[in-house]
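The next block holds one structure in the form of structure tokens; read it before the comments.
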Amino acid sequence: MQRGSKIALDYKSVAVRSRAPTRARWLACGLLIPLVGALIVHSFFGTQPTSSTHTLPSAASDLPEFPPAPVVTPEPLEEEPLGETVELVVRRNDTLDRIFRQHKLSLTDLATIRNLPGVRESLDRLRPGDKITLVHNEGAVQELKRRISETEVLHVTRGESGFDTAVLTTPVQVREAFAHGTIESSLFVSARAAGVSPEIILKLANDIFGWDIDFALDVRTGDRFTVVYEQKFRDGEYIGDGRVLAAEFTNNGVTHRAIYFESEDKQIADYFAPDGRSMRRQFLRAPLDFTRISSHFNPRRRHPILNTIRAHKGVDYAAPTGTVIKAAGDGRVAFVGTKGGYGRVVILEHGGGISTLYAHMSRFAPGLKAGMRVKQGATIGYVGSSGAATGPHLHYEYRVNGVHKNPRTVPLPKAEPISEPYRAAFEARARELFASLDRARDAAVAAVPAEQASHSSSSADPEV
Ligand SMILES: [Zn+2]
């Protein structure tokens with residue numbers, strides 16, 4: 001990982017959120033943020049931490065372990081080797097049967113192990129890249145280990161009378177890390193090399209500042225960000241990033257700041273501005289991760305099928321069939337079913353006279369019924385082209401007292417600020433986290449001149 005390397009980020013045009021593999025996620029980031037200029041990321045803490053310290057000078061030691069689960073120490077293996085150890089890496093379309101055959105392992109043992117209580121579910125769901133560690137003696141299984149969650153390992157051992165199973169807990173340690181960047185050019189692709197993970201950038205854009213900054217249109221040269229976030233380690237090995245704890249983004253000279261606050265009773269777990277205002281609005285601006293807007297709100301649109309002037313009373317978001325559609329805000333399901341040109345449609349009522357409508361779905365979320373309550377962000381259905389649709393897209397409407405408003409521009413009501421009972425705890429946490437953020441930024445800014453000088457000869461032309 002290079003410090004202070006100049007990186008150029010690719011820019012397309014539209015915000016998307018993605019859970020695709022890393023490469024695709026970076027592409028998504030490229031789509032997300034129109035970086036006009038090169039992004040200089042002074043990455044002190046990257047996705048591939050080495051042995052050098054990746055924690056803030058003074059704030060890391062008091063972090064809790066995540067999750068705060070009791071530690072079960074794995075039983076030490078016997079001194080005498082039980083047999084040959086093999087590490088099996090699952091490939092595409094692999095099944096346990098196939099893997100066992102390939103390695104000439106006992107299929108009888110496999111059948112016995114799979115029939116142990118609770119084991120089948122943890123063993124049969126294989127994904128490419130999963131690892132299974134096996135000790136065998138001429139094909140007879142002596143021991144099998146498989147990670148079943150971030151903190152748990154399934155452990156099967158051959159005992160006196162058949163196989164024994166146990167689930168070992170492997171604690172995850174969380175450390176605080178930070179990154180600071182100045183946007184000079186576009187091109188996200190090399191940001192990865194400088195160490196800011198796509199997850200972190202997407203969190204900034206989607207979960208924290210997305211309501212205040214239009215990341216598809218407003219990000220520009222000279223914008224800066226600083227982020228303090230969690231990095232997760234298991235047995236000293238980096239396994240991924242956790243939550244963003246504090247962040248600031250300076251957009252066109254205006255600085256937005258936020259911290260993550262979780263109350264002791266877990267009633268609150270969200271991002272707030274320094275004064276306790278929520279960073280969230282009561283509604284999502286767009287209720288899905290879309291690839292582009294295929295038709296804007298337009299009271300005088302010529303209808304593509306009917307070829308007459310007919311108002312377009314919503315926004316059409318093009319997205320692949322099957323893309324998740326989320327409830328734009330907390331509310332109650334008023335309608336779920338089929339309605340003429342809308343095809344499969346869901347209508348939500350949110351109180352305050354506001355309702356939202358989601359049309360052309362390929363299918364509804366399983367179990368969704370009229371009268372149910374839904375939370376903002378909950379999956380209500382999937383993009384399709386049912387009804388009068390020329391291709392897969394979501395037609396989305398936002399109504400206030402029955403009157404259609406433009407969902408892209410309608411002022412969205414703010415979510416609740418920190419309430420009085422939580423005020424003191426919030427302020428204490430805010431002081432702590434904003435101090436971390438200040439330290440992170442100041443350290444990064446102080447380090448800039450030397451690093452820029454040392455890289456000036458090698459910095460590549462921005463790939464715009
Ligand atoms: Zn439409």
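Only heavy atoms go into these numbers, but all of them, side chains included; no hydrogens, no water, no symmetry mates. For ligands, and for the atoms within them, numbers begin at 1 and follow the listed sequence.
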Fill in: Derivation and outcome, ring pair (Phe, Tyr, Trp, His ring centres under 6.0 Å), residues Tyr271 and Phe261
CA-CA 6 Å; Tyr271 289 95; Phe261 174 68; over 10 Å; no
Item to complete: Kindly confirm whether the Zn ion (ligand 1) is within less than 2.8 Å of some N/O/S atom in His393?
Response: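 It does not: His393 brings no N, O or S atom closer than 2.8 Å to the Zn ion (ligand 1).
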Practice prompt. Flag His360 as yes if one of its N/O/S atoms falls below 2.8 Å of the Zn ion (ligand 1), otherwise no.
Written response: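 Under 2.8 Å: His360 has no N, O or S contact with the Zn ion (ligand 1).
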Discussion item. I'd like the atom name of the N/O/S atom in His395 lying closest to the Zn ion (ligand 1).
Written reply: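 That would be atom ND1.
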Worksheet item: Asp316: which N/O/S atom is nearest the Zn ion (ligand 1)?
Response: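 In Asp316, the heteroatom (N, O or S) nearest the Zn ion (ligand 1) is OD1.
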Worksheet item: Between Arg431 and Glu427, does at least one N-O distance fall below 4.0 Å, as a salt bridge requires?
Response: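 A salt bridge is absent here (no side-chain N lies under 4.0 Å from a carboxylate O).
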Item to complete: Considering only NZ, NE, NH1 and NH2 on the basic side and carboxylate oxygens on the acidic side, decide whether Lys405 and Glu397 come within less than 4.0 Å.
Response: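 No, this pair does not count.
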Item to complete: Sequence neighbours left out, what passes side chain to side chain contact (heavy atoms under 4.5 Å, CB included) with Arg441? Give chain and number order.
Response: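 Residues passing side chain to side chain contact (heavy atoms under 4.5 Å, CB included) with Arg441: His180, Thr226, Glu248, Arg257, Asp438, Val445.
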